[in-house]
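Working notes, structure below.
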Amino acid sequence: MTNHKTVLLMGGDGIGPEVTEQGARVLSWFADRRGLPLHFEEDLYGGACFDRHGVFVRDATVIHAGEVDAVLCGASGGPKWDDLPQARPKAGMDGLTRMRRELDLFANIRPSRCLPALENASTLKAEVIRGVDLIVLRELTSGIYYGEPRGIEELPDGRRRGVDTQIYSSDEIERVVRQAFELARDRRGIVHSVEKSNVMETGILWREVASQVHADEFPDLTLHHMLTDNCAMQLVRDPRQFDVIVTDNLFGDLLSDASAMLMGSLGMLPSASLGPARGDGRRAALYEPVHGSAPDIASQGLANPLASILSVAMMLRLSLDAPEEAAMLERAVEAALDGGARTSDLAAPGESTVSTPGMGDAVIAALEDLI
Ligand code: IPM
Ligand code: MG
């Protein structure tokens, strides 16, 4: 099996398993029809893991996830587990934020591309989003998600006080900004570094470090600094100005949900989370849709699997040395949409819809047409 690439599948909860199944199906298609040497493994994380093992992810799973070539996850969690303290996305507790942190997956790439077939699926006007092609690069292992101190404390006078800590060191900013420029170099060469340096100390440091990385390593590319609130506004006002947006963990969470609507639906947005390059040049890598586990529509075949399928395209390109196959899969997704396949999140009122596996069928049929 040495020349095989190992992909670890973790479906998660809610709609996670059903969309991941379609992503895995597409990967299997590449193994069967294009001879990609893939080997699949499966494991549990999230609520499903808690019910079986009493933890949201097992230690051995985290270690193994760092050893395989790529991990494909579905979303996790749901109301059944929400009130458990272990479910809170706090350092080392819930499965997802623990894997991100322990595998050092600092570079979270969330691309938004407006596909012609979906110009009218967005709540934004087609003339605003036409041609959008941007990446939100979110720092994923630090900031307010993990900063200490944190907690809810009782004050002597009986009031309670919640505390979170936003914290960034220069090396954490440096590596994610460097990643932004590396992505931009193969694109339009424009990086927007986004922070709140008008009110936050971490924002001031972020801006200084971004300028330094730009001057020292990428003077031929363009760097713009932008405040987060302005960026949120610009994303809906004139999104075509953006190429790569690099920002911290919390701002990236917010801005990437907003940028999802540039693609028509949150059900379309894929992501890759990468660790630093190791000795052999490989990077720990976890691929997941940006959307949540949507327990209200789980197991009804209503979920859109395209975020998972497009996450597979990112995996092909970034972890499986298969850039041609990645491009082919992206073309197949476009062809499926051009052919009219719509899950209910994408359909206009009155338009007919396909189920979750139905969308998988449409993508596979389009792949068959491409070979
Ligand atoms: C995301 C999600 C997660 C986050 C949640 C589920 C902890 O919203 O990946 O964007 O906030 O990072
Ligand atoms: Mg989010």
Side-chain angles (χ1 to χ4, degrees), residues 9-29 42 44-49 51 72-82 87 95-96 110-115 117-124 129 256-271 287-314 329-330 332-367:
L9 304 168
M10 297 206 270
D13 307 310
I15 61 170
E18 55 199 291
V19 298
T20 306
E21 191 183 327
Q22 298 309 313
R25 222 181 125 197
V26 166
L27 272 174
S28 299
W29 184 90
E42 275 187 62
L44 295 174
Y45 93 111
C49 185
D51 288 348
L72 180 65
C73 282
S76 67
K80 181 173 174 198
W81 307 280
D82 276 351
L96 184 62
R110 298 185 162 188
S112 272
R113 216 151 55 85
C114 175
L115 306 178
L118 293 185
E119 272 177 19
N120 294 312
S122 174
T123 51
L124 299 171
I129 62 171
S256 62
D257 261 34
S259 69
M261 281 321 285
L262 306 170
M263 261 188 117
S265 162
L266 188 51
M268 293 294 300
L269 203 66
S271 81
Y287 298 83
E288 54 172 335
V290 171
H291 63 70
S293 62
D296 50 319
I297 59 160
S299 311
Q300 299 169 46
L302 291 174
N304 181 352
L306 290 180
S308 182
I309 290 172
L310 289 169
S311 297
V312 164
M314 296 184 81
L329 179 51
E330 284 162 354
V333 166
E334 283 189 59
L337 292 167
D338 288 340
R342 296 282 183 280
T343 40
S344 50
D345 57 313
L346 300 174
E351 215 173 8
S352 64
T353 60
V354 298
S355 65
T356 309
M359 185 61 98
D361 293 343
V363 172
I364 300 238
L367 282 170

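Every heavy atom of this structure was used, including side-chain atoms; hydrogens, water molecules and symmetry mates were not.
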Donor-acceptor contact present, side-chain Ser293 to main-chain Gly77, <3.5 Å: yes
Interatomic spacing from OG in Ser355 to CD in Gln300 - rounded to 0.5 Å: 12.0 Å
From OH (Tyr287) to OG1 (Thr20), nearest 0.5 Å: 15.0 Å
Steps toward side chain to side chain contact (heavy atoms under 4.5 Å, CB included) verdict (Glu288, Leu72): CA-CA 6 Å; Glu288 54 172 335; Leu72 180 65; over 6 Å; no
Nearest heavy-atom neighbours spanning Pro295 and Pro79: CG-CD, 3.4 Å
CA sep, side-chain torsions, deciding dist, call: Arg25, Ile364, side chain to side chain contact (heavy atoms under 4.5 Å, CB included): CA-CA 9 Å; Arg25 222 181 125 197; Ile364 300 238; 4.1 Å; yes
Shortest non-hydrogen contact from Val363 toward Ala332: O-CB, 3.9 Å
Taking every non-hydrogen atom, the tightest pair across Ser112 and Ala260: OG-N, 4.0 Å
Residue pair Ser265 / Leu346: nearest heavy atoms and the distance that separates them: CB-CD2, 3.6 Å
CD1 on Ile15 to OG1 on Thr356, rounded to 0.5 Å: 7.5 Å
Validation row: Arg110, Met314 side chains within 4.5 angstrom (heavy atoms): no
Flag side-chain contact, heavy atom, 4.5 Å: Leu302 against Asp345: no
Lys80 and Asp13 ion-paired at < 4.0 Å: no
Within-4.5 Å side-chain heavy-atom neighbours: Met268 and Leu337: yes
Contact check, side chains of Ser308 and Pro289, non-hydrogen atoms, under 4.5 Å: yes
Within-4.5 Å side-chain heavy-atom neighbours: Cys73 and Tyr45: yes
Inter-residue atom distance Glu351.CD - Thr353.OG1, 0.5 Å rounding: 9.0 Å
Closest non-hydrogen atom pair between His291 and Ala307, with its separation: CD2-CB, 3.8 Å
Heavy atoms from other residues, nucleotides or ligands near CD of Glu21 exceed 12 (cutoff 6.0 Å): no
Approximate separation, where rounding is to 0.5 Å, of Ile129 CD1 and Cys114 SG: 4.0 Å
Separation of Ser352 OG from Arg342 CZ (nearest 0.5 Å): 9.5 Å
Residue pair Leu306 / Met359, side-chain heavy-atom distance below 4.5 Å: yes
Close side-chain approach of Gln22 and Asn304, heavy atoms under 4.5 Å: no
Minimum side-chain heavy-atom gap Asp51-Trp81 below 4.5 Å: yes
Closest contact, heavy atoms only, Pro17 versus Gly12: CG-O, 3.4 Å
